[in-house]
Chemist: 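Please find one structure pasted underneath; my questions will follow.
A note on names: the letters A, B, ... follow the listed sequences, proteins ahead of strands, and every chain is numbered from 1. Being a predicted model, the structure only gives us computed values, none of them experimental.
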Protein chains: 2
Amino acid sequence: MAGPTNAERGRDVRERLLAAARELIGEIGWNAVSTRILAERAGVRSGLVHYHFASLQALLRQAATEAMRPMLEQAAELVAAAPSPGDAVEALLADIDRFTGTDPTSLLFVEAYLAATRDDLLRDQMHELVTDFRAALTAALARTGHPAPEAAATVLMAVVDGVLLHKGLDPQLSAGSLAPLLRRLADPEPNGANE
Amino acid sequence: MAGPTNAERGRDVRERLLAAARELIGEIGWNAVSTRILAERAGVRSGLVHYHFASLQALLRQAATEAMRPMLEQAAELVAAAPSPGDAVEALLADIDRFTGTDPTSLLFVEAYLAATRDDLLRDQMHELVTDFRAALTAALARTGHPAPEAAATVLMAVVDGVLLHKGLDPQLSAGSLAPLLRRLADPEPNGANE
DNA sequence: GCTATAGTTGGTCAATCGTCCAAGGCGATT
DNA sequence: AATCGCCTTGGACGATTGACCAACTATAGC
């Protein structure tokens, strides 16, 4: 019955701290996450925070990017698997309705966007995540010859984040209900001239 | 040479504090605005904050809503004055490009959205502002018989806020460049079936 | 002139903050 | 058993926080 080795316990502490940070960033806000609250949630002594991480900011940065990456990758798979661009839009919007705009996951994203405007390193890392996802979405939209797939992808991503923001104010708001309208953005042929 | 009356000076202090709050919320973040930083920016002693306002939160709440209301009202006039729904969309998006996503005004909005998820009173006030603006945008879109003007208005507002969020990561992003695509959302006739 | 009223000052209070560190614990290697 | 390296503990440090208050000043009304 060999107990956990010393290094294993260390890894566990790191993971607990990151998990606690993922929860707390959304719950109480990026700037309200303190070393002591963090350690308490993780079930760990507060002195460990600065042993395992260079600073509180570094911990929060890592927690945020590690939380967002798999979610964006999963969403990218979702749109890639859709049979048509219109279905990709629909699947993406339906996926958003898993979130209420006030849950820790939704708020983690918004908090991270905000923190990125004041942390150059975080901004670079998030920019990469967002760019990768936009590329995946652009590819999904371009399959049927969309005239401006990248612009459409940009719009859709803005809609997703914007809807999350607005859901926080109005829980009745549903992303899925906007899908019929947003299918227009996925169509290869635009809707004739405007005048 | 009658100097300012006592009540006038008090009103001036209140206005200075609110103006300082409007700047600082975006600059350093909602939770980082302290009574002392606020007072320093306003050129006022910190003891005055709790004389003129019930609490720091109440001051920030008032500053945020008073900053957002005129901007949303101006935007509502913009879309109401547009000759067609498509032009309303275009005007709205062009207006967004006045902001970079990292300026205090853009960030004030995002900070307020976030703060509203943790402050019921602020949420109610912002919900009213957003609802009023959506009504104005819906009316502008409905003028030519749009089949789902409210959904289109909801999408456009989400796009606006979402683009601001993304601009903070990528300054090259331009809302105006998305206008041609988003005009599709303003058209009264949808784009034929999808398959 | 005197008193009420509104505004202002400078400071206190307990609580919390991020960061750092000396000392000790503990599994692995020799 | 001794040593080495990673991990952990508990507390210290100065700084900052929101809130509050007694004393003081200045205007307004009588």
Chemist: Nearest heavy-atom pair of A/V79 and A/A140: which atoms, and what distance?
Modeler: O-CB, 3.8 Å
Chemist: Under a 4.0 Å N-O cut-off, is there an ion pair linking A/E111 with B/R118?
Modeler: yes
Chemist: To the nearest 0.5 Å, what is the distance between CG on A/D124 and CG on A/D119?
Modeler: 9.0 Å
Chemist: Measure CZ/B/F53 against P/D/dG18 and give the value in whole Å, please.
Modeler: 15 Å
Chemist: If only side-chain N and O atoms of A/H50 are considered, is one of them under 4.0 Å from the OP1 or OP2 phosphate oxygen of C/dC20?
Modeler: no
Chemist: Within this structure, what is the CD-CZ distance for the pair B/Q125 and B/R69, rounded to the nearest 0.5 Å?
Modeler: 7.5 Å
Chemist: Please tabulate, for the side chains in residues 19-29 of chain A, all donor-acceptor contacts under 3.5 angstrom to protein atoms that are two or more places apart in sequence or on a different chain.
Modeler:
from, atom 1, to, atom 2, distance (Å)
A/R22, NH2, A/E15, OE2, 3.1
A/E23, OE1, A/R41, NH1, 2.5
A/E27, OE1, A/R41, NH2, 2.9
A/E27, OE2, A/R41, NH1, 3.2

Chemist: Using a 4.0 Å cut-off on heavy atoms, which residues in residues 38-46 of chain A reach DNA chain D? List them by number, or say none.
Modeler: A/R45
Chemist: A/L59 near the nucleic acid: base, sugar-phosphate alone, or nothing, with a heavy-atom cut-off under 4.0 Å?
Modeler: nothing
Chemist: Closer than 4.0 angstrom, basic N to acidic O: yes or no for B/R123 and B/D120?
Modeler: yes
Chemist: What distance do B/L164 atom CG and B/I96 atom CD1 have between them, rounded to the nearest 0.5 Å?
Modeler: 5.0 Å
Chemist: Describe the nucleic acid contact of B/V49 in one word from base, sugar-phosphate, nothing, applying a heavy-atom distance below 4.0 Å.
Modeler: nothing
Chemist: So, taking the atom named CG in A/L56 and the one named CG in A/L38, what distance separates them when rounded to the nearest 0.5 Å?
Modeler: 6.5 Å
Chemist: So does A/T35 get a side-chain nitrogen or oxygen closer than 4.0 Å to the phosphate oxygens (OP1/OP2) of C/dG18?
Modeler: yes
Chemist: Starting at the 5' end of DNA chain C, which residue's closest nucleotide do you reach first, A/A32 or A/A54?
Modeler: A/A32
Chemist: Taking all non-hydrogen atoms of both residues into account, name the closest pair between B/A136 and B/A76 and its distance.
Modeler: CB-CB, 3.8 Å
Chemist: Starting from P on D/dG11, measure out to CG on A/L48 and report it in whole angstrom.
Modeler: 15 Å
Chemist: Using a strict cut-off of less than 4.0 Å between a Lys/Arg side-chain nitrogen and an Asp/Glu carboxylate oxygen, indicate whether A/D12 and A/R16 qualify as a salt bridge.
Modeler: yes
Chemist: Specify the separation, in whole Å, of atom CD of A/Q57 and atom P of C/dC17.
Modeler: 15 Å
Chemist: Taking OP1 and OP2 of D/dT8, is either one under 4.0 Å from a side-chain nitrogen or oxygen of A/H52?
Modeler: yes
Chemist: Please check the phosphate of D/dT8 (OP1 and OP2 only) for any side-chain N or O of A/Y51 closer than 4.0 Å.
Modeler: no
Chemist: Of all residues at least two apart in sequence or in a different chain, which pass the ring-ring contact (aromatic ring centres under 6.0 Å, His included) check with B/H146?
Modeler: none
Chemist: In this structure, how many angstroms lie between the C1' atom of D/dT17 and the CD1 atom of A/I37, rounded?
Modeler: 13 Å
Chemist: Whole angstroms only, please: what is the CZ-C1' distance between A/R11 and D/dG5?
Modeler: 15 Å
Chemist: To the nearest 10 degrees, how far apart in direction are the end axes of the helix from C/dG1-D/dC30 to C/dT30-D/dA1, each fit to five base pairs?
Modeler: 0°
Chemist: Whole angstrom is fine here: how far is it from CG in A/D12 over to P in D/dC6?
Modeler: 19 Å
Chemist: Atom CZ of B/R36 and atom C1' of C/dG11: how far apart are they, to the nearest Å?
Modeler: 10 Å
Chemist: What ring-ring contact (aromatic ring centres under 6.0 Å, His included) pairs are there with at least one residue in residues 89-140 of chain B, not counting sequence neighbours?
Modeler: A/H166-B/Y113
Chemist: Nearest of C/dG18, D/dA19, C/dG7 to any side-chain atom of B/L56?
Modeler: D/dA19
Chemist: Could you list by number each residue of residues 117-125 of chain B showing a heavy-atom separation from DNA chain C of less than 4.0 Å, or answer none if no residue does?
Modeler: none
